[in-house]
**Student:** 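Below you will find the structure I want to go over with you.
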Amino acid sequence: MASVPTLNAEDGRAVIDPASYADWDNLLDRFDTIRSQSPVVRVAGVDDVHRPFWLVTGYDEVMQVSKDNATYLNNPQTVVFSLNEGIAFAKAMTGGSEHMVASLVTFDAPIHMKYRKLTQEWFMPKNLRTIEGEIRAIAERTVDRMLAAGPDIDFVKQVSGPYPLHVVMQILGVPEEDEPRMLMLTQQMFGGQDEDLNQSGMAAMTPEQITQLVAGAVKDFEAYFAGITAEKRVNPTSDVASTIANSVVDGSPLNDRDMMGYYIILAAAGHDTTSASTAGAMMALAHDPEQFARVKADRSLLAGIVEEAIRWTSPVQHFMRTVAKDTQLGGQELKQGDWLMINYVAANHDPSQFEDPRRFDAARSPNRHLAFGAGAHQCLGLHLARLEMRILFEALLDRIERVEPAGEAHRSKSTFVGGLKSLPLRITSA
Ligand code: HEM
């Protein structure tokens, strides 16, 4: 029997270390080396702090796993990489489930589709056109604030951070004065690995303390949205929160855990992701004045910039799957119950699919990236994310004459959702 390709201890530690994801070029180098040896490789659980898993870095293999939702499940093991201590704590909190929150990403067929259908129409382009005006107003206000703060700004703090947060909070019916609280809670839940982002002293905490903080954030979030649900049941509007609050599955309204899971996944999935791809697009334009001038003159180029920024940044860096039955992937024998990391960063930089993958190429065609995943769980908010980015850049291009880098940009330390946490720029208004 052929031996199983297994990562050396250094690479194994790096793949699960949040700090590696802040060191982007080295991370991409590492993935290139790993992928060229084997697109599917075993990470054996170095230091006994985590379960062994398969790391999938090849484009074709990540696509295959994503589309085969019968063989690769989002249950029962956690879908976001977690150390053993974190998993044990989640199980203690939930009474046995590894998922701290029950949501679309933790459901499999047939229940998954029943829940997804509840809001699928809402997220389609036809419905989104009805809120385009509101999104544009948020974009204009954000650009107003940026220009008032300029010429030297931190694009992440001024623009790409708050803008998608305002949009997602608007569709969830959260008033603007409560947004800072929601931001804190979602960052504690999902951005928790980077001390600059959650500002809660997590760097000095043990894994158990971190998990406790996360659990506390989930509870606060649930309490807050119980109020929104009650309100939307009495006074429904056209927002997605009203759709969720008044949904029925198999003849019954959603139970509390499922409903909260829905709000949490939308609130969490909807802002740091779009923020990261928006900041990435702006960084690319700031470093390429000719490209900036071209798109300013010809807005038809914007769609290519948006799509390439999403690939180039790959804000959702991985998801995990559990193997449902013995199978083969990338030449390896996988056993029922095995745990798998599908790494979108690695897949979206696979040179067999993308020529010169580290280059930001707005004209890249085709650009069949996997940043939104694929298959049954493919990102529900992908049309919204693209729309938000297009509208913001239309507003920016109308009102900016020039943009230049004004200092070093920094990435967040996170294995899950990651991207720029600061992007200093000098803006010249039009
Ligand atoms: C799922 C990426 C923006 C809501 C996902 C998945 C990825 C992803 C990789 C998992 C796909 C899979 O398992 O195959 C992104 C990126 C975004 C973005 C890169 C921005 C550039 C948004 C927005 C929303 C959203 C704006 C909504 C407000 C969701 C939801 C799911 C999801 C609800 C779970 C879908 C399911 O399991 O059926 N996203 N996302 N996302 N995303 Fe996004």
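Just so it is clear, the values below take in all heavy atoms, side chains as well, and ignore hydrogens, waters and symmetry mates. First listed ligand is number 1; within each ligand, the first listed atom is number 1.
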**Student:** Please identify which atoms of ligand 1 are closer than 4.0 Å to at least one heavy atom of Arg116.
**Tutor:** 35 (C), 36 (C), 38 (O)
**Student:** In ligand 1, which numbered atoms sit nearer than 4.0 Å to a non-hydrogen atom of Val168?
**Tutor:** 28 (C)
**Student:** Would you please classify the geometry between the Phe360 ring and the Trp312 ring as parallel, tilted or perpendicular, with 30° and 60° separating the classes?
**Tutor:** perpendicular
**Student:** Who's the nearest protein heavy-atom neighbour of atom 29 (C) of ligand 1, and how far?
**Tutor:** Ala269 CB, 3.7 Å
**Student:** Would you mind telling me if ligand 1 is within reach of the side chain of Ser66, the backbone, both or neither, using heavy atoms under 4.0 Å?
**Tutor:** neither
**Student:** For Ala374, is at least one N or O under 3.5 Å away from an N or O on ligand 1?
**Tutor:** yes
**Student:** Scan side-chain atoms only and decide if Asn367 and Glu308 contain a donor-acceptor pair under the 3.5 Å cut-off.
**Tutor:** yes
**Student:** Is there a donor-acceptor contact under 3.5 Å from the side chain of Asp108 to the main chain of Asn74?
**Tutor:** yes
**Student:** Here's one to test your reading of the geometry: is the NZ or CZ of Arg42 within 45 degrees of the ring axis of Trp54 and under 6.0 Å from its centre?
**Tutor:** yes
**Student:** Using the rule salt bridge (charged side-chain N to carboxylate O under 4.0 Å, His left out), only one of Arg368, Arg364, Arg386 pairs with Glu307; which is it?
**Tutor:** Arg386
**Student:** For atom 31 (C) of ligand 1, what is the nearest protein heavy atom, given as residue, atom name and distance?
**Tutor:** Leu380 N, 4.0 Å
**Student:** Nearest non-hydrogen contact with atom 9 (C) of ligand 1 belongs to which option: Pro164, Ala371, Ser314?
**Tutor:** Ala371
**Student:** Under 4.0 Å, heavy-atom basis, I'd like to know which part of Arg321 is in contact with ligand 1: side chain, backbone, both or neither.
**Tutor:** side chain
**Student:** Please determine, by modelled atom types, if Ser242 and Asp239 share a side-chain donor-acceptor pair under 3.5 angstrom.
**Tutor:** yes
**Student:** Just which atoms of ligand 1 are under 4.0 Å from any heavy atom in Ile265?
**Tutor:** 33 (C)
**Student:** Give the numbers and elements of all ligand 1 atoms closer than 4.0 Å to a heavy atom of Val316.
**Tutor:** 2 (C), 8 (C), 9 (C), 15 (C)
**Student:** For ligand 1, which part of Phe107 has a heavy atom less than 4.0 Å away: the side chain, the backbone, both, or neither?
**Tutor:** neither
**Student:** Nearest to atom 24 (C) of ligand 1, what protein heavy atom do you find, and at what distance?
**Tutor:** Gly381 CA, 3.5 Å
**Student:** Relative to ligand 1, is Phe319 under 4.0 angstrom through side chain, backbone, both or neither, heavy atoms considered?
**Tutor:** side chain
**Student:** Can you tell me the protein heavy atom closest to atom 37 (O) of ligand 1 and the distance?
**Tutor:** His377 ND1, 2.7 Å
**Student:** Hey, is ligand 1 close enough to His112 that some N/O pair sits below 3.5 Å?
**Tutor:** yes
**Student:** Where on Thr273 is there a heavy atom closer than 4.0 Å to ligand 1, on the side chain, on the backbone, on both, or on neither?
**Tutor:** both
**Student:** Mark up the atoms of ligand 1 that fall under 4.0 Å of a heavy atom belonging to Ser277, in ascending order.
**Tutor:** 21 (C)
**Student:** Return yes if some donor-acceptor pair links the side-chain N/O of Ser38 with the main-chain N/O of Val41 below 3.5 Å, else return no.
**Tutor:** no
**Student:** What atoms in ligand 1 come closer than 4.0 Å to a heavy atom of Val105?
**Tutor:** 34 (C), 37 (O)
**Student:** Taking the basic N atoms (NZ, or NE/NH1/NH2) and the acidic carboxylate oxygens, is any pair closer than 4.0 Å for Arg181 and Asp220?
**Tutor:** no
**Student:** Would you check if there is a donor-acceptor pair between the side chains of Ser247 and Tyr262 at a distance under 3.5 Å?
**Tutor:** no
**Student:** Pair His99, Asn75 - check side-chain hydrogen bond (donor to acceptor under 3.5 Å, both in side chains), show working.
**Tutor:** CA-CA 9 Å; His99 309 303; Asn75 273 291; 2.9 Å; yes
**Student:** Looking only at protein heavy atoms, which one is nearest to atom 32 (C) of ligand 1, and what is the separation?
**Tutor:** Cys379 CA, 3.7 Å
**Student:** Counting the benzene-type ring for Trp, do Phe53 and Phe81 have ring centres under 6.0 Å apart?
**Tutor:** yes
**Student:** For ligand 1, which atoms sit closer than 4.0 Å to a heavy atom of Gly270?
**Tutor:** 23 (C), 24 (C), 26 (C), 28 (C)
**Student:** For the residue pair Leu172 and Phe225, establish whether any side-chain heavy-atom pair is separated by less than 4.5 Å.
**Tutor:** yes
